[in-house]
There are 2 protein chains.
Amino acid sequence: MYIEIDFNSDEAIYMQLRNQIIAAIATSQLKEGESLPSVRNLADNIGVNMHTVNKAYSSLRQDGFLKVDRRRGAVVAVDIDKLHFLNKMKVLLQPVVISGIVKGISREEAKGLIDDIYDELGF
Amino acid sequence: MYIEIDFNSDEAIYMQLRNQIIAAIATSQLKEGESLPSVRNLADNIGVNMHTVNKAYSSLRQDGFLKVDRRRGAVVAVDIDKLHFLNKMKVLLQPVVISGIVKGISREEAKGLIDDIYDELGF
DNA sequence: TAATTGTTATACTTATAATATAACAGAGTC
DNA sequence: GACTCTGTTATATTATAAGTATAACAATTA
């Protein structure tokens, strides 16, 4: 697990952590059933507080990317409720896409960006 | 201009304002060259502080959705630098789309969401 | 002159992010 | 049994950002 935190970013540390872990799952650097570093261990590694890592893990658990195994700590366990997530995803995409529309970005150009992202991850 | 603020939302008021103004531009409720309500006027209407509206206007100006005409106040004036905005848009879409990939949402399903958003706005 | 425009400055309150210690219950190891 | 490690919870503190509250400024309009 290679995590890189930008402390000058305006994005919260726990969100950077969250997004990078999800990306690691998407690229199979983290596989279903695999354990993540302990909150204390990862916190030491990247030089942040334990609670910051815990907040990232908690939100990942909340959104169905992790489960907690008392024996093995935080484990990758993606629960897939596509319908629910499609709605959530649309809400998140909406403001970004609408800004694009105003800026003259065509439907096909927007879909091109989606293609780019899928391509770069090898999907 | 119909603006509706959800004070219980976790989305900042000035961001709700910003997104709704951009959406109004996209749907031609606000047209190029049209004036927006004054910061004080709009602030009174929706029941927030003047500075909250000013923050929304400032960020819209910064991102090239408005210009300030000393005679007419804040005016819709979309400056279009597509290339720059495509890059910005990709960065914003990335974490959302990657989450979708992990949740098993296919490339075509993601593009379907883009279509939905364009369709709903009539583009 | 009076009123309006966006903008800037200052001060205050509130909410959230992040840090710092500390403790807990459950599980594994010696 | 003693010890260590797991996520989790509690409490307190600091820092930053959001939002409110007044006030003033220069430019413009009536």
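Numbers restart at 1 for each chain; the letters A, B, ... are given by sequence-line order, proteins then strands. If you're wondering where the values come from, they're calculated on a predicted model, not measured in any experiment.
Phosphate contact (OP1/OP2 of C:dA18, side-chain N/O of A:Tyr14, threshold under 4.0 Å): absent. Phosphate proximity of C:dA18 to A:Thr52: absent, as no side-chain N or O sits under 4.0 Å from OP1 or OP2.
Checking D:dT28, C:dT5, C:dT19 against the side-chain heavy atoms of B:Arg40 singles out C:dT5 as nearest. Relative to the side chain of B:His51, the nucleotides C:dT8, C:dA17, C:dT5 differ in distance, and C:dT8 lies closest. Closest approach to the B:Arg71 side chain among D:dA18, D:dT29, D:dT8 is made by D:dT29 (side chain taken as heavy atoms from C-beta onward). Between D:dG7, D:dA18, C:dA22, one nucleotide has an atom nearer to the side chain of A:Val68 than all others, and that is D:dG7.
Side-chain to base pairing of B:Arg70 with C:dT5: one donor and one acceptor N or O lie within less than 3.5 Å of each other.
Applying a 4.0 Å cut-off to non-hydrogen atoms, the residues of residues 54-64 of chain A that approach DNA chain C are A:Lys55, listed by residue number.
The two residues A:Gly64 and B:Lys103 have their closest heavy-atom pair at O-NZ, 2.9 Å. Nearest heavy-atom pair across A:Thr27 and A:Gln29 is OG1-OE1, 2.8 Å.
Around the CZ atom of A:Arg72, the shell of radius 6.0 Å holds more than 12 heavy atoms that belong to other residues, nucleotides or ligands.
Salt bridge absent: A:Lys67 and A:Asp79 never bring a charged side-chain N and a carboxylate O closer than 4.0 Å.
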